[in-house]
Engineer: 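Dropping a structure here in structure tokens format, bear with me for questions.
Just so it is clear, the structure is predicted and the values come from calculations on it, not from any experiment. What's counted below: heavy atoms across the whole structure, side chains too, no hydrogens, waters or symmetry copies.
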Amino acid sequence: FSTFSQSESQFSAAEIPSFTSEIYGLSVVDIDGKEVPVEETETSIVITMNLQIGVDTSAIQCLYWIEDSNVWSSEGCTGRLIGTTAFECSCNHLTNFTTGVILKKSSIAIVQGESHIQNSNVGLIVGVVLGGILLIIVVVVMIVFLVKKRSKK
């Protein structure tokens, strides 16, 4: 059993989770200290992890680290919230586990070692502003047209 920092470089992936608990490494070793792979067990291995205080629990998933491809995945694991402070994961293997929500790397900005979600509404705001300007231009053109038409009568 090991606990890892969420910022450790060994967990750098294209999709970065928004972690809601610590990362826990679970493995079995033989008498010589050599790791014994534990995969595709018939019975689920249940891991209960304490959640960070105040996290949004609506989209939390069990996540595990796939070393061969350097990605976090939730496939093959199921989870359930225990009260408001813990999450129980059931998986058929051992590796490094955590809980969280996977975010795409392109939606993360790294600022002085901290991650901040960028404003994804920029396109919407630009569209609304341009639409408003176009509407004002159309209204002004119509008013000018109506004024000229009335002045000719």
Engineer: Hey, any chance Phe97 and Ile82 share a hydrophobic cluster, counting ILVMFWY side chains that come within less than 4.5 Å of each other, even indirectly?
Structural biologist: no

Engineer: Could you tell me the separation between the CG atom of Leu63 and the OG1 atom of Thr95, rounded to the nearest 0.5 Å?
Structural biologist: 11.5 Å

Engineer: Share the residues that join Leu81 in a hydrophobic cluster, the rule being Ile, Leu, Val, Met, Phe, Trp or Tyr side chains under 4.5 Å apart at the heavy-atom level.
Structural biologist: Leu51, Val55, Ile60, Phe87

Engineer: Is the backbone of Thr98 close enough, under 3.5 Å, to the side chain of Ser21 for a donor and an acceptor to pair up by distance?
Structural biologist: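 Answer holds: no.
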
Engineer: First locate atom OG of Ser73, then atom CD of Gln61, and finally report the distance between them rounded to the nearest 0.5 Å.
Structural biologist: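 Rounded to the nearest 0.5 Å, the OG-CD separation comes out at 8.5 Å.
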
Engineer: Considering all heavy atoms of both residues, which atom of Val28 and which atom of Val38 are nearest to each other, and what is their separation?
Structural biologist: CG2-CG2, 3.9 Å

Engineer: Applying side-chain contact (heavy atoms from CB on, under 4.5 Å) to Asn70 and Trp65, what does each step give before you reach the verdict?
Structural biologist: CA-CA 7 Å; Asn70 290 339; Trp65 182 247; 3.5 Å; yes

Engineer: Quick one: are Thr84 and Thr57 in side-chain contact, heavy atoms under 4.5 Å?
Structural biologist: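 No, every pair of side-chain atoms sits at 4.5 Å or beyond.
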
Engineer: How about Cys89 and Cys62 - are their SG atoms less than 2.5 Å from one another?
Structural biologist: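 Yes, disulfide present: SG-SG under 2.5 Å.
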
Engineer: Working to the nearest 0.5 angstrom, can you tell me the gap between Asn96 CG and Leu26 CG?
Structural biologist: 8.0 Å

Engineer: Is there a donor-acceptor pair closer than 3.5 Å between any side-chain N or O of Asp30 and the backbone N or O of Asp32?
Structural biologist: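 Flag set: sc Asp30 to bb Asp32 pair under 3.5 Å.
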
Engineer: Establish whether Val138 and Leu146 are linked, either directly or via other cluster members, by ILVMFWY side-chain heavy-atom contacts under 4.5 Å.
Structural biologist: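 No, because Val138 and Leu146 fall into different hydrophobic clusters, even though each may have its own neighbours under 4.5 Å.
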
Engineer: Enumerate the ring-ring contact (aromatic ring centres under 6.0 Å, His included) contacts for residues 31-64, please, sequence neighbours excluded, ordered by first and then second residue.
Structural biologist: Tyr64-His93

Engineer: Please check if Val129 and Ile137 belong to a single hydrophobic cluster, counting links between Ile, Leu, Val, Met, Phe, Trp and Tyr side chain heavy atoms closer than 4.5 Å.
Structural biologist: yes

Engineer: Over all heavy atoms of both residues, which pair between Ser90 and Val46 is shortest? Give the atoms and the distance, please.
Structural biologist: OG-CG2, 3.7 Å

Engineer: Keeping the roles fixed (side chain from Thr41, backbone from Thr43), state whether a donor-acceptor pair exists under 3.5 Å.
Structural biologist: yes

Engineer: Answer yes or no: does atom CG of Leu135 have more than 12 heavy-atom neighbours from other residues, nucleotides or ligands under 6.0 Å?
Structural biologist: yes

Engineer: So, for Glu22 and Met49, which heavy atoms are closest and what is the spacing to 0.1 Å?
Structural biologist: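 Scanning both residues completely, I find the closest heavy atoms to be O-SD, 4.4 Å.
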
Engineer: Calculate, to the nearest 0.5 Å, the distance between atoms OG1 and CD belonging to Thr99 and Gln52 respectively.
Structural biologist: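 Result: 7.5 Å between the selected atoms.
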
